[in-house]
Amino acid sequence: MEWQEEALTRCLDKIEKNITEIGAYFPHVAYDGKYNHEEKKFWTSGFWPGMLWLLYRERGNEAAKELAIKLEKELDEILDGFIHIHHDVGFMWMPSAVMDYRLTGNKEAQIRGLKAASHLAGRFNPAGKFIRAWTDEVNPNAKGWALIDCMMNLSLLFWASKETDDPRFYHIACEHTDTVLKHFVRDDYTVPHIVSFDPYTGEKIEAISGQALNTGTAWSRGQAWAIYGMAVAYRETGKKECLNTARNMANYFLSHLPEDKVPYWDFRSTPDLQWVKDASASACVASGLMELSNLLEDEAEKNFYKKQGMEILKALYDIRFDNEPNSQAMILGGTVNCLKKRHINVPIIYGDFFFTEGLLKAQNKKGIF
Ligand code: GLY
């Protein structure tokens with residue numbers, strides 16, 4: 001068996017085992033091979049249902065489908081409760097409700113996806129042409145803040161536009177993308193985590209470091225979100241600027257990877273913090289590179305990005321895969337937030353999700369975002 005088939009089989013086996021191991025909870029980070037139970041309002045709650053749907057799609061596992069639907073219903077409290085909703089609804093409802101709808105035609109799931117998309121569209125600030133990231137609950141002074149992570153949420157808007165045959169969602173996704181191109185992407189094709197705007201006039205105020213070391217550095221997972229999200233924006237809009245930017249941002253990521261293919265948590269990390277790495281950024285970028293490769297026409301370029309994505313996936317499988325038979329986790333060595341000392345060099349659910357999604361895309365199967 002080729003390594004990638006073996007890796008995918010082992011991922012799907014783990015998901016299958018985790019149906020009872022993890023069950024009806026929302027995992028985020030794992031310690032000693034066991035995932036925690038995160039609050040359902042947290043932005044990561046779509047990844048476990050998404051993994052279940054990938055398993056269902058590959059193997060027709062009915063228990064996976066049942067559990068994914070149960071989790072999707074659990075999230076209604078957040079969707080309909082409104083107050084906790086932030087911009088990460090794409091991360092939450094694309095892998096859960098939208099995947100359900102795509103695979104089963106479930107109309108209730110379609111409505112959930114459209115509600116989530118409407119929430120996201122409702123966060124658009126027309127003066128600054130950006131989607132507001134957080135609620136006052138997270139930070140009352142962030143009414144004018146946009147985050148690079150939001151590039152990954154836009155696929156929900158693109159989906160909703162096609163689903164309703166209504167271009168409003170599409171226009172918002174395009175406006176936000178243009179804002180990112182104009183105000184986030186630096187000359188060297190790195191991006192800050194956060195940019196703040198005056199929420200009344202819409203004027204750009206400044207870049208804010210967020211999870212990065214400082215305002216001028218390059219948080220590696222943010223760079224991965226930007227690459228994958230910008231590739232999706234090109235897929236949906238056909239705008240060449242999105243493609244060129246995704247390609248150049250990917251080139252930065254690839255040319256700054258250490259030999260083990262796992263970046264420091266920030267590409268410009270100071271030497272004292274270089275023991276902190278982020279394998280989840282590698283998993284996310286690998287899946288994003290597969291997306292980018294699929295969109296390119298030139299054969300040599302197509303092959304280049306696919307090969308780079310495969311090399312990252314192989315390095316993750318060879319060096320970071322959790323071989324402990326009883327462990328629920330797949331990819332070791334992700335970092336949630338270095339500066340806040342939150343979950344450093346541990347397995348994270350989105351690392352596992354994007355590793356599995358990347359392996360599937362490598363076999364020319366569709367991803368979720
Ligand atoms: N979306 C938040 C993060 O990547 O940590």
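Numbers for residues simply follow the sequence, beginning at 1. Start at 1 and go down the list; that is how both ligands and their atoms are numbered. Only this structure's heavy atoms are used, side chains among them; waters, hydrogens and symmetry mates stay out. Every value quoted in this text rests on a predicted model; they were computed, and no experiment measured them.
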Give a yes or no answer on whether the side chain of S327 reaches the backbone of A329 with a donor-acceptor pair at less than 3.5 Å. yes
Taking atom types as modelled, is there a side-chain donor on N251 or S255 under 3.5 Å from an acceptor on the other? no
Any Q211 heavy atom less than 4.0 Å to ligand 1: yes
Distance filter under 4.0 Å to D149 heavy atoms, resulting ligand 1 atoms: 1 (N), 2 (C), 3 (C), 4 (O)
re atom 5 (O) of ligand 1, the protein heavy-atom contact at minimum distance is R221 NH2, 2.6 Å
Is the distance between the ring centroids of H119 and F82 less than 6.0 Å? yes
Quick look: F42 vs ligand 1, heavy-atom contacts under 4.0 Å, and the answer is neither
So which atom in I349 and which in M51 form the shortest heavy-atom distance, rounded to 0.1 Å? CD1-SD, 3.9 Å
